[in-house]
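Here is the naming used below: chain letters follow the sequence lines, and residue numbers restart at 1 for every chain.
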There are 2 protein chains.
Amino acid sequence: MSADIAAIRQFNRTVTRRLGVLNEKYLGRDRPLAESRILFEIGSKGAPVRELRERLGLDSGYASRLLRALERKGFATTASKAGEDGRAKFARLTRSGHTEVRRLNALSDDLAQSMLEPLTREQAARMVSAMTEVDRLLRASGIELTPVDPRSAGAQWCLGRYFDELSSRFPEGYDHGADGATDLDDFRPPRGCFLVASLFGGSVGCGGIRTLAPRMGEIKRLWVSPQVRGLGVGRRLLEALERVGRERKMRRVRLDTHESLTEARHLYRSSGYKEIAQFNDNPYAHHWFEKTLE
Amino acid sequence: MSADIAAIRQFNRTVTRRLGVLNEKYLGRDRPLAESRILFEIGSKGAPVRELRERLGLDSGYASRLLRALERKGFATTASKAGEDGRAKFARLTRSGHTEVRRLNALSDDLAQSMLEPLTREQAARMVSAMTEVDRLLRASGIELTPVDPRSAGAQWCLGRYFDELSSRFPEGYDHGADGATDLDDFRPPRGCFLVASLFGGSVGCGGIRTLAPRMGEIKRLWVSPQVRGLGVGRRLLEALERVGRERKMRRVRLDTHESLTEARHLYRSSGYKEIAQFNDNPYAHHWFEKTLE
DNA sequence: GGAAATATCTGACTAAAATCAGGCAATGAG
DNA sequence: CTCATTGCCTGATTTTAGTCAGATATTTCC
């Protein structure tokens, strides 16, 4: 275990030295690195200022200043989107901003190339596959679960994605209205809890637990963003929700699922859930599960 | 290939975001990060100021300032070592500097721990082994070969290590004097060339080529530091020296080696060298090789 | 011994990164 | 309609990082 920690520290040292040097050399050449980073984050489709700040971990004043600098240089514009919250602003790249991002992308490619160059073909292949693995697992380990109000922006965003996905995966489609009007307040303390999984300031999953009856909980709305599937986020959410249930003195938790959601069914089975008889009249449920909490 | 580059860029993004945040959170809490880094580099045994500067890539003025700051805070002292070059200074930790480094080490361990924590046992094991691999190969790709004067500090340092190693590996020991006084000037242009391999500002390997006769070169002093063995540095040095030979219009290169240096012999064979009859009277040589340059 | 080179230090300076307090406009709850 | 909140902006200010041109002391080369 302590050998693991030594290995991670060694990795940390090497990587920050090597990437730090290269990043500055390639991307911070004639402009502050923070400006390049924010240009990247805006991306071709633009992004809400709010999100830029969160993703890069910037103070709102500082973020504003950087955007203003980009505006002065003619690389980006920010404006509030018509129809949406007029306070929130949205940053977009201008034409020359796009050009600039392409230039940065080319530099970034050179940077990557320069890391491969000195290696033999075999070493390069091994490095790339190890990097892919580290990237995957580092993202997994960077995901944090936070209890939030189910009406909060993050929770709402996840639920939106979740319902979209149900519509596209259920052969019969999905109508949120028909899904027995679930009261969001059920997922707020003290009757329940709603968790959001987040990575680098963005939401990548959610799940809620509510009280069905005394000592009996129900888990619903368990969703994991496609970009982080296979990293064990679903299981972490499930286990965290069960922990909440235990704290609330629940003895059993139930949940239901649609036939087409096979990964979910697999997750539930392997987490100790047993299939039981139908316990509700959810028109989209085909399987009903229950687990006794220790 | 372009997929490889995309993978590296993704790795770069994830890693700088994740490690950057954690490093600042853990190590830069109440002091500039550069100060923490320099404290680390001084280490428990102390270090020459020169080396600190090189390892961290700092301007001499800036390094001096940082050391002064640490001195003011009572964490380190710098003084010239008695008996050694009076211009060069040596930095040491004070008692409270040691305490501070221990504190930083503990934080660093926590940091590593925090990366493992959210993962399952299996994921953690995979991440650690992938990190070890990335670290190895990133160090390999960070190694640069530079032609230098064989009398330069870097070259001399490597040669010192090299001769030390010969003394400890040859059963009969090694006396540099007996090794047919090789003139260092032979390895300077235009008659020859001396390469040093360096990583993060430190020297980790070397090798030289000189002119034995018109159109005939000899490679000598090929050495790779134990800390970077197995990364292909020896082969890179050898190939670079051959390239120099080609540029100098040499048609063939020769070299000799001691019986006990089996890895070297393996390297030469697999690089296209053929064993030939004894061509010199080096008392420490048992095998003589030659390769025709294309 | 004198000139050139080396190793560090100092002062003056700049740029980048970041924080803080206050301000304004849009929004939402009551 | 009012008032607290939210999202962003501005000006003032600080900290961190880094550069550059000498200054000083020591060593090395001739």
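Nucleic acid contact for A/Asp85: sugar-phosphate only, since backbone atoms but no base atoms lie under 4.0 Å from a heavy atom of the residue. Within the 4.0 angstrom heavy-atom criterion, no nucleotide atom of any strand lies near A/Arg37. Nucleic acid contact for B/Thr78: sugar-phosphate only, since backbone atoms but no base atoms lie under 4.0 Å from a heavy atom of the residue.
Using a cutoff of 4.0 Å between basic side-chain nitrogens and carboxylate oxygens, A/Lys73 and A/Glu35 are scored as salt-bridged. Under a 4.0 Å N-O distance rule, the pair B/Glu41/B/Arg53 does not qualify as a salt bridge. Salt-bridge check for A/Arg9 with B/Asp109: passed, with a basic side-chain N closer than 4.0 Å to an acidic carboxylate O.
A residue-by-residue look at A/Ser60 and A/Ala34 shows that A/Ala34 has its nearest nucleotide of DNA chain C further toward the 5' end. Between B/Gly57 and A/Arg50, the residue whose closest nucleotide on DNA chain D is further toward the 5' end is A/Arg50.
The separation between B/Glu51 atom CD and C/dA7 atom P is 13 Å, rounded to whole Å. Atom CZ in B/Arg53 sits about 12 Å away from atom P in C/dT6, given to the nearest Å. Between the P atom of D/dT10 and the CG atom of A/Leu67 lies a distance of 11 Å, rounded to the nearest Å. Rounded to an integer number of Å, the gap from B/Lys81 NZ to D/dT26 C1' is 18 Å. Atom pair B/Lys89:NZ and C/dC9:C1' shows a separation of 7 Å (rounding to whole Å applied). The nearest whole Å value for the distance from the OH atom in A/Tyr62 to the P atom in D/dG7 is 22 Å. Taking atom CZ on B/Arg65 and atom C1' on C/dG11, their separation rounds to 7 Å, with Å as the unit. The nearest whole Å value for the distance from the CG atom in B/Leu33 to the P atom in D/dG18 is 10 Å.
B/Arg161 has its side chain out of reach of B/Pro226: every pair of non-hydrogen atoms, C-beta onward, lies at least 4.5 Å apart.
A perpendicular orientation is assigned to the rings of B/Phe11 and A/Phe11, their planes being inclined by more than 60° (bins at 30° and 60°).
Listed pair B/Arg68 / C/dC9 meets the phosphate criterion, a side-chain N or O lying under 4.0 Å from OP1 or OP2. The phosphate of C/dT27 (OP1 or OP2) has no side-chain N or O of A/Arg87 nearer than 4.0 angstrom.
When the nucleotides D/dT10, C/dT8, C/dA17 are ranked by their closest atom to the side chain of B/Ala88, C/dT8 comes out on top. When distances run from any side-chain atom of B/Leu58 to the nucleotides C/dT8, D/dC9, D/dG18, the shortest one goes to D/dG18.
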